[in-house]
Amino acid sequence: VAYAVAKISGDGDDFLETGELFEITVKPPAGSRLDVNEAFSLEVMPPGGALLIIDRTMPPATDRVMSLH
């Protein structure tokens with residue numbers, strides 16, 4: 001999938017380390033769809049190290065751009 005990374009705070013390299021904050025924006029594939037109250041997962045797979053799985057549920061109402069904390 002297409003994604004973009006914005007470095008909010010950090011030491012300037014591309015490694016997410018303790019105390020740093022990156023924002024990851026993911027564009028779902030064309031034709032995919034998430035309905036209200038539907039659960040989904042995002043798997044972040046670094047070239048080395050542990051896999052990070054983020055589980056979320058779509059809210060009952062959505063806007064064009066949302067932050068799903």
Side-chain angles (χ1 to χ4, degrees):
V1 292
Y3 68 92
V5 177
K7 299 170 190 171
I8 308 300
S9 66
D11 58 12
D13 61 23
D14 289 334
F15 297 101
L16 180 59
E17 300 160 323
T18 302
E20 296 182 338
L21 181 63
F22 287 18
E23 178 181 83
I24 301 171
T25 303
V26 178
K27 182 176 181 180
S32 65
R33 176 183 164 146
L34 288 171
D35 293 322
V36 298
N37 299 318
E38 182 177 357
F40 68 95
S41 295
L42 177 66
E43 296 180 1
V44 180
M45 298 186 301
L51 173 71
L52 173 63
I53 299 175
I54 303 168
D55 294 315
R56 295 291 185 264
T57 301
M58 289 299 291
T62 58
D63 289 326
R64 183 168 165 81
V65 176
M66 294 186 68
S67 178
L68 301 174
H69 294 257

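The basis for the numbers below is simple: all heavy atoms, side chains too, and nothing from hydrogens, waters or symmetry mates.
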Same hydrophobic cluster for Leu16 and Met45, using side-chain heavy-atom links shorter than 4.5 Å among ILVMFWY?
-> no

Check whether any side-chain heavy atom of Met58 lies under 4.5 Å from a side-chain heavy atom of Val36, and answer yes or no.
-> no

If you group Ile, Leu, Val, Met, Phe, Trp and Tyr by side-chain heavy-atom gaps below 4.5 Å, do Leu34 and Val1 land in one group?
-> no

Is there a path from Phe15 to Leu52 through hydrophobic residues (I, L, V, M, F, W, Y) whose side chains come within less than 4.5 Å of each other?
-> no

Indicate the atoms forming the closest heavy-atom contact of Arg33 with Glu38, along with that distance.
-> O-OE1, 4.0 Å

Can you find a heavy atom in the side chain of Asn37 that is under 4.5 Å from one in the side chain of Pro60?
-> yes

Any side-chain heavy-atom pair of Glu43 and Leu51 under 4.5 Å | yes

Measure across Ser9 and Gly19 and return the closest heavy-atom pair with its distance rounded to 0.1 Å.
-> OG-O, 3.9 Å

When rounded to the nearest 0.5 Å, the distance separating CZ of Phe40 from OG1 of Thr57 is 7.5 Å

Sequence neighbours left out, cut at 3.5 Å: what donor-acceptor pairs do the side chains of residues 20-27 make with other protein atoms?
unit_1: Glu20; atom_1: OE1; unit_2: Glu17; atom_2: N; d: 2.9
unit_1: Glu20; atom_1: OE2; unit_2: Asp11; atom_2: N; d: 3.1

